[in-house]
There are 2 protein chains.
Amino acid sequence: MESLSPVSKSPRYRQVADELSAAILGGRYPVNSLLPTEKELCRHYAISRHTAREALRLLEIAGLISRRQGAGSLVIADTPPDRYNQFAQSVEDLLQYGNATRFHIERAESIAADTLAASLLGIAPGTACVRLYGIRRPRHDRRPLAVTEVYLPEPEPAARSALLDLGQSIYRLLDILDLAKLGSVEQNFTAVCADPERATALGMAPGAAALRTVRRYFDRQGELLAAAVSLHPGESFSYSTVLRRA
Amino acid sequence: MESLSPVSKSPRYRQVADELSAAILGGRYPVNSLLPTEKELCRHYAISRHTAREALRLLEIAGLISRRQGAGSLVIADTPPDRYNQFAQSVEDLLQYGNATRFHIERAESIAADTLAASLLGIAPGTACVRLYGIRRPRHDRRPLAVTEVYLPEPEPAARSALLDLGQSIYRLLDILDLAKLGSVEQNFTAVCADPERATALGMAPGAAALRTVRRYFDRQGELLAAAVSLHPGESFSYSTVLRRA
DNA sequence: CCTAATTTGTACGTATGTATT
DNA sequence: AAATACATACGTACAAATTAG
């Protein structure tokens with residue numbers, strides 16, 4: 001049974017880190033100023049150097065300070081590393097891309113989630129889910145822009161049969177990923193060497209560089225709607241975004 | 001003066017971490033098995049418990065093990081996950097990445113802008129500008145994370161000589177890209193095959209896939225402060241972002 | 001259920017190396 | 001060149017969580 005004691009005492013180094021953190025956030029140590037030295041912290045808090053260093057390590061991990069041998073501990077931020085509600089680019093911009101291209105679904109199947117699908121959808125491996133496989137092309141160009149696999153969780157039987165029907169699946173997919181329902185999209189980019197199968201599907205040399213994008217689509221409640229893994233030929237695709245200050 | 005010694009000896013705890021890491025990757029300690037206890041590591045490597053714990057801390061940071069009081073050090077992965085997963089939603093987040101890594105400048109030179117520099121900086125080709133070349137590494141890992149070229153426009157003579165002095169250039173750069181001055185960052189991602197020179201600098205196979213990021217840094221007035229081109233090894237780097245509805 | 005042994009977590013002390021000022 | 005400050009590394013002891021019996 002978990003202890004229900006209302007006060008769980010922090011280790012000393014965390015208490016010190018919290019005090020220092022509060023002091024930084026409160027402006028006591030401005031950005032670009034130096035924190036007290038380890039020795040001073042030892043004296044002030046009556047702690048050993050080991051404890052002082054553990055506390056400073058926490059501040060460093062939190063991104064508040066930067067420590068340099070011989071120089072000291074420099075304050076580099078005075079805001080807690082919380083996520084801000086200001087974001088780079090809107091979901092609308094992303095969907096604009098979908099609008100300028102066409103997605104041709106080649107396979108639609110019901111599968112037991114493998115490791116990839118499970119981690120993407122946040123479900124246990126082996127759980128039933130739906131996988132679509134298709135190719136995305138510019139609207140007036142037949143050269144492929146990407147090969148994409150879409151993973152969809154827990155399909156209700158009715159929706160599922162429509163998804164698995166190649167004639168209807170694209171409309172069901174557009175319905176699921178309807179702009180009105182979308183709350184946020186999580187994106188991840190990596191460079192990989194294309195596997196032979198997908199390379200030929202994209203008309204690129206085997207082993208050539210490709211951009212792998214993993215996207216997870218959430219509704220406004222944060223519920224996962226779908227996940228998609230795409231492979232884009234390196235020489236003909238790039239992704240741009242703008243980050244603004246919060 | 002910069003040290004020219006070709007071999008920089010690792011601290012002991014890093015050597016131990018490297019050996020353990022290799023053993024995990026090599027299958028000597030499978031996933032879900034326990035690493036030797038701290039005491040056993042002390043005996044085996046003839047090190048103090050402090051050193052053993054620092055080594056284990058590195059493995060924990062690397063995501064290879066999970067340590068639980070009373071239970072031991074459990075191997076939770078036998079492949080290093082992305083060594084760095086950059087997760088950016090705001091300019092602050094992007095700079096956070098700079099905080100977790102170290103940028104070592106190897107060359108600093110004044111050049112006449114070539115086509116690339118000119119288009120990045122929005123200046124006429126041939127115009128004078130400054131180029132820095134360096135390697136970025138995680139703070140607790142010596143394997144390179146990226147090779148980067150930074151381009152800086154119209155340097156005033158005083159600032160310029162500081163930029164070209166390898167001992168000072170990093171501080172000038174951090175000053176120019178100071179968080180307080182940044183307004184927005186424009187980012188672009190492409191997958192490429194690494195050219196031989198940069199591939200060796202990154203310790204990757206020639207021709208392997210790499211993620212090329214081009215970033216342009218603007219102040220709040222929209223004035224271009226700097227541009228940077230980085231090449232990240234494909235298998236160990238990924239970039240993440242979240243888009244929210246406008 | 002409780003006890004004991006094991007294992008990591010916290011914390012102290014000390015000394016020396018190395019980068020910076 | 002010297003002083004300063006962080007990095008590495010040795011030692012010890014006790015606390016807290018886990019596990020075995």
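By convention in this document, chain letters (A, B, ...) are assigned in the order of the sequence lines, proteins followed by strands, and residues within each chain are numbered from 1. The figures here come from the full heavy-atom set of this structure, side chains too, leaving out hydrogens, waters and symmetry mates.
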(request) Could you tell me whether R131(B) sits above the aromatic face of Y151(B), with NZ or CZ closer than 6.0 angstrom to the six-membered ring centre and within 45 degrees of the axis? (result) no
(request) Please determine, for dA17(D), whether a Watson-Crick or G-U wobble partner exists with both distances under 3.5 Å, and give it or none. (result) dT6(C)
(request) Using a heavy-atom cut-off of under 4.0 Å over every strand shown, decide if I47(A) touches base, sugar-phosphate, or nothing. (result) sugar-phosphate
(message) On DNA chain C, does the nearest nucleotide to H50(A) precede the nearest nucleotide to P36(B) from the 5' side, or the other way round? Give the residue.
(response) P36(B)
(request) Round to the nearest Å and state the distance from E54(B) atom CD to dT10(C) atom C1'. (result) 14 Å
(message) If we ignore hydrogens and angles and just use 3.5 Å, is the side chain of R53(A) paired with the main-chain N or O of E38(A) as donor and acceptor?
(response) no
(request) Give the rounded distance in Å between these two atoms: NE2 of H104(B) and C1' of dA19(C). (result) 14 Å
(message) I need the CG-C1' distance between L56(B) and dT8(C), as an integer number of Å.
(response) 10 Å
(message) Please find the pair of heavy atoms, one from A209(B) and one from A191(A), that lie closest to each other, and give the distance.
(response) CB-C, 4.0 Å
(message) What range of DNA chain D does chain B touch, first nucleotide to last, counting atoms under 4.0 Å from its heavy atoms?
(response) dT8(D) to dT19(D)
(message) For R198(B), is there an ion pair with E149(B) - N to carboxylate O distance below 4.0 angstrom?
(response) yes
(request) Using a cut-off of strictly less than 4.0 Å between a heavy atom of the residue and any atom of DNA chain D, enumerate the qualifying residues of residues 65-75 of chain B by number. (result) R68(B), Q69(B), G70(B), A71(B)
(message) Using whole Å, what does the distance between atom P of nucleotide dC12(C) and atom CD of E38(A) come to?
(response) 14 Å
(message) Less than 4.5 Å apart, side chain to side chain, heavy atoms only: is that true for L202(B) and P233(B)?
(response) yes
(message) Quick check: any donor-acceptor pair below 3.5 Å linking the side-chain of R49(B) to the base of dG9(C)?
(response) yes
(request) Determine whether R49(B) and K39(B) make a side-chain contact, defined as any pair of heavy atoms from C-beta on separated by less than 4.5 Å. (result) no
(message) From OH of Y13(A) over to P of dC12(C), roughly how many Å is that when rounded to an integer?
(response) 13 Å
(request) Find the distance R43(B):CZ to dT7(C):P and express it as a whole number of Å. (result) 11 Å
(message) Quick check against the 3.5 Å criterion: does E40(B) have a side-chain atom that pairs as donor or acceptor with the backbone of T37(B)?
(response) yes
(message) Just to be sure I understand the rule, does R12(A) reach a base, reach only the sugar-phosphate, or reach nothing, if contact means heavy atoms closer than 4.0 Å?
(response) sugar-phosphate
(request) For L41(A) and dA11(C), give me the distance from atom CG to atom P, rounded to whole Å. (result) 15 Å
(message) Any base atoms under 4.0 Å from S48(B), or only sugar-phosphate, or nothing? Heavy atoms, all strands.
(response) base
(message) With no hydrogens and no angle check, just 3.5 Å: does a side-chain donor-acceptor pair link Q15(A) and Y13(A)?
(response) no
(message) As an exercise, state the distance from OG of S66(A) to CG of L56(A), rounded to the nearest 0.5 Å.
(response) 11.5 Å
